[in-house]
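Just so you know, these numbers use all the heavy atoms, side chains as well, and skip hydrogens, waters and symmetry mates. In what follows, chains are A, B, ... by sequence order, proteins preceding strands, each numbered from 1.
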There are 2 protein chains.
Amino acid sequence: MKSAKTASGRATIYDVAKLVGVNPSTVSRALGQPERVSLKTRKLVQDAVAELNFNVNPLARALPTGRTGLVGLIVSDITNPSYFDIIRGAQSAAAVHGTTLMLAESTESAQTEAIAAQRMQPSTDGIILAGPRMSDPDIIALSEQKPIAVINRHVDGVDSVVPDIEPGINAAVRHLAAQGHHKIAFLSGPDQSWISARRWECLVACCEWMKRETQLIPTTAPTTEGGRIAARNVRASGATAAICYNDLLAIGLMQELQAAAVKVPDDFSVVGIDDIFGSDFTTPALTTIASPLSECGAAALDLVLSALPGSDGNPRVATQRGLHELRATLLVRGSSGKLVAPTQ
Amino acid sequence: MKSAKTASGRATIYDVAKLVGVNPSTVSRALGQPERVSLKTRKLVQDAVAELNFNVNPLARALPTGRTGLVGLIVSDITNPSYFDIIRGAQSAAAVHGTTLMLAESTESAQTEAIAAQRMQPSTDGIILAGPRMSDPDIIALSEQKPIAVINRHVDGVDSVVPDIEPGINAAVRHLAAQGHHKIAFLSGPDQSWISARRWECLVACCEWMKRETQLIPTTAPTTEGGRIAARNVRASGATAAICYNDLLAIGLMQELQAAAVKVPDDFSVVGIDDIFGSDFTTPALTTIASPLSECGAAALDLVLSALPGSDGNPRVATQRGLHELRATLLVRGSSGKLVAPTQ
DNA sequence: CTGAAAGCGCTTACAG
DNA sequence: CTGAAAGCGCTTACAG
């Protein structure tokens, strides 16, 4: 540490004030509301700030104002690439607004998630929950303290960002049906995943309409490993195609099927959801229902920020704001296609 | 917001103190140094804390103590999957220590990076710079204010984490030489990337020793797109194999070569560096020099934390601390192999 | 346009 | 073991 201006080694507005010969409050004004200060002092303060290499301490500022300039982002599993896009989107949006992101992970545990949220709560202006595992009441309780935005889940009265999956699922089922598939398996996500249940419901409704069979295959984890493990059950179900809760599951499933000499897509078609990085690296490239994850992250950040006192501040659902880009769309690549050797 | 205990809607130690009937300072002690308070009051305080759902405000605590419990992490490009592993490693390590990560991005610009660091500086206990683009003096200046740890770069007197790339490069060159390759191209990283220069130097030395030719191919960006663009120059160089600054470059190069009907690895071998997520999804799977990125993130966080007043606090280089796992190792997969149809 | 004062929520010597 | 006081760095009515 360098010879200190202050205990923490940095210059404060008092140092600036002394150098300029004004009151600290004037420095504060020159910094925060320059129009309320004479051009001359403004200039003097700027010079002193530059000379002392002064930066305002956002933490100290946060105390009297209640605004920290920090937004928390809690993801359930930082290992999961889907969240990378969300993090990226939120981070970029944050940068635009001069806000900084605080990152935490719930490791798929509702309790860890709640604790992380509690801990972040006092030091942030608001929190984004990406794919939360917490209960609705817990989330609502949280949202009563500070703005909360939820991604991929709907909670009454809480701002949420959930891209419309229906067009994607519809397109996928239609696509598979057209290729001769009659029974479509669904590899589900974690039990507490709200969005997994929605996707399954949507698939059921769609298959009913299209007169196709469908079957739920539970998985041990939303990972490639989980997909691998589920492969046997998928095969045993008699389905000839699968739509998976996420791309990781789909990739794992495909790998395991191929390891068992099941040809994709000739013998079996695989469809993922998300379009994560690398999903087009596989052979065949993964057909997937692309979810605008990065946009979701950005939208969630915008929601939090606009819910802050000073903004318009009406809770709303991003998908209802006419954010037309927040919908899932089918991306047909190589892993889905005509059934060459039906198993039934 | 709920009916407020305080302006920000939360209970403070004053509320707890009032409820218990003690002085706020006693509450503070009961929370921070419970052994300095009678068992009875400690219990009373705990109950009141639970009843009021009180959480200490880390920001307010930070002001008198100078410790924020926050560590900043600045990456040059959040879009680059290599950084995901670093972020992940740092985040996990942070969670273990009850520390929270603040995330920022420099978008490959030295200036943006410096600004981000300046902004983070007052509100964090220390900062991790992953693949910094800033100049040495700037980094040193930063490190004089708060603990700094640098990943994939060496700066005099600054804690740094840089996995030993040499064993990986050596193994790669040996491997390629054994497969009949005589000229090896290197697709370089960004100009300001310290580690790119080191990797190139290392390759030159190794090729010299092994009596192989090598040639530097500059790239426009460390992305798949950059790899694609470089493909033509790589081909023109007469090299029959390439080692790339990172996997993204390698994957792009491979894609473009394949698009031009160049067979990998029969006509040309491609080797990446990092072993990012998805690098084994390609066909052929990418041979790569695996870098322990996640461990680097964790090690950097440990360095920052241990440099804090109260810890032993001697700057050192992680690789010198006997962290044997921090070395790169060759992962031979399908994208490298025997030269079937040499071009020269 | 600027100063002096009080306060944001917490901690920590200093007394007792 | 506990209270009263001062202070961390900043902001914002309130006067002038």
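- As rounded to whole Å, 19 Å separates atom P of D:dG7 from atom CG of A:Asn57.
- Contact annotation: B:Asn23 does not reach the phosphate of D:dT2 (side-chain N/O to OP1 or OP2, under 4.0 Å).
- The nucleotide whose nearest atom lies closest to any side-chain atom of A:Val22 is, among C:dT11, C:dG3, D:dC10, C:dG3.
- Between the CD1 atom of A:Ile13 and the P atom of D:dT11 there is a distance of 6 Å, rounded to whole Å.
- Judged by distance alone, with hydrogens and angles left aside, the side-chain atoms of A:Thr124 form a donor-acceptor pair with the main-chain N or O of A:Met120 at under 3.5 Å.
- The pair A:Asp15-A:Lys18 does not meet the salt-bridge criterion, since no charged nitrogen lies less than 4.0 angstrom from a carboxylate oxygen.
- Rounded to whole angstrom, the span from the OH atom of B:Tyr14 across to the C1' atom of D:dG3 amounts to 12 Å.
- For B:Ser25, the listed nucleotide lying nearest its side chain is D:dG3; candidates were D:dG3, C:dC10, D:dT2.
- At C:dT2, one or more side-chain N or O atoms of A:Thr41 fall inside 4.0 Å of OP1 or OP2 (strictly under the cut-off).
- Between the side chains of B:Thr41 and B:Ser38, at least one donor N or O lies within less than 3.5 Å of an accepting N or O.
- Atom CG in B:Leu31 sits about 9 Å away from atom P in C:dC10, given to the nearest Å.
- For B:Phe54 and B:Arg36, each mapped to the nucleotide of DNA chain C holding its nearest heavy atom, the one lying further toward the 5' end belongs to B:Phe54.
- The side chain of A:Thr12 places no N or O atom within less than 4.0 Å of a non-bridging phosphate oxygen (OP1 or OP2) of D:dC8.
- C:dA13 atom C1' lies 10 Å from atom CZ of B:Arg29, rounded to whole Å.
- For C:dT2, the OP1/OP2 oxygens have a side-chain nitrogen or oxygen of A:Ser38 closer than 4.0 Å.
- By the 30° and 60° cut-offs, the orientation of the rings of A:His154 relative to A:Trp194 is tilted.
- Nucleotide C:dC8 holds its P atom 16 Å from the CG atom of B:Leu59, rounded to whole Å.
- Counting to the nearest Å, the C1' atom of C:dC10 and the CZ atom of B:Arg67 are 16 Å from each other.
- Contact annotation: A:Gln33 does not reach the phosphate of D:dT11 (side-chain N/O to OP1 or OP2, under 4.0 Å).
- Put simply, B:Thr26 has a side-chain N or O that comes within less than 4.0 Å of OP1 or OP2 on D:dG3.
- Among the atoms of the strands shown, only primed sugar atoms or phosphate atoms (P, OP1, OP2) are found under 4.0 Å from some heavy atom of B:Thr65.
- For the 3.5 Å distance criterion, the side chains of A:Thr68 and A:Asp125 qualify, holding a donor opposite an acceptor.
- Nucleotide C:dG16 is matched to D:dC1 when pairs are restricted to Watson-Crick or G-U wobble geometry with both distances under 3.5 angstrom.
- Using a 4.0 Å heavy-atom cutoff across all strands shown, B:Val27 reaches no nucleic acid atom at all.
- When rounded to the nearest whole Å, the span between CG of A:Asn55 and C1' of D:dG9 equals 13 Å.
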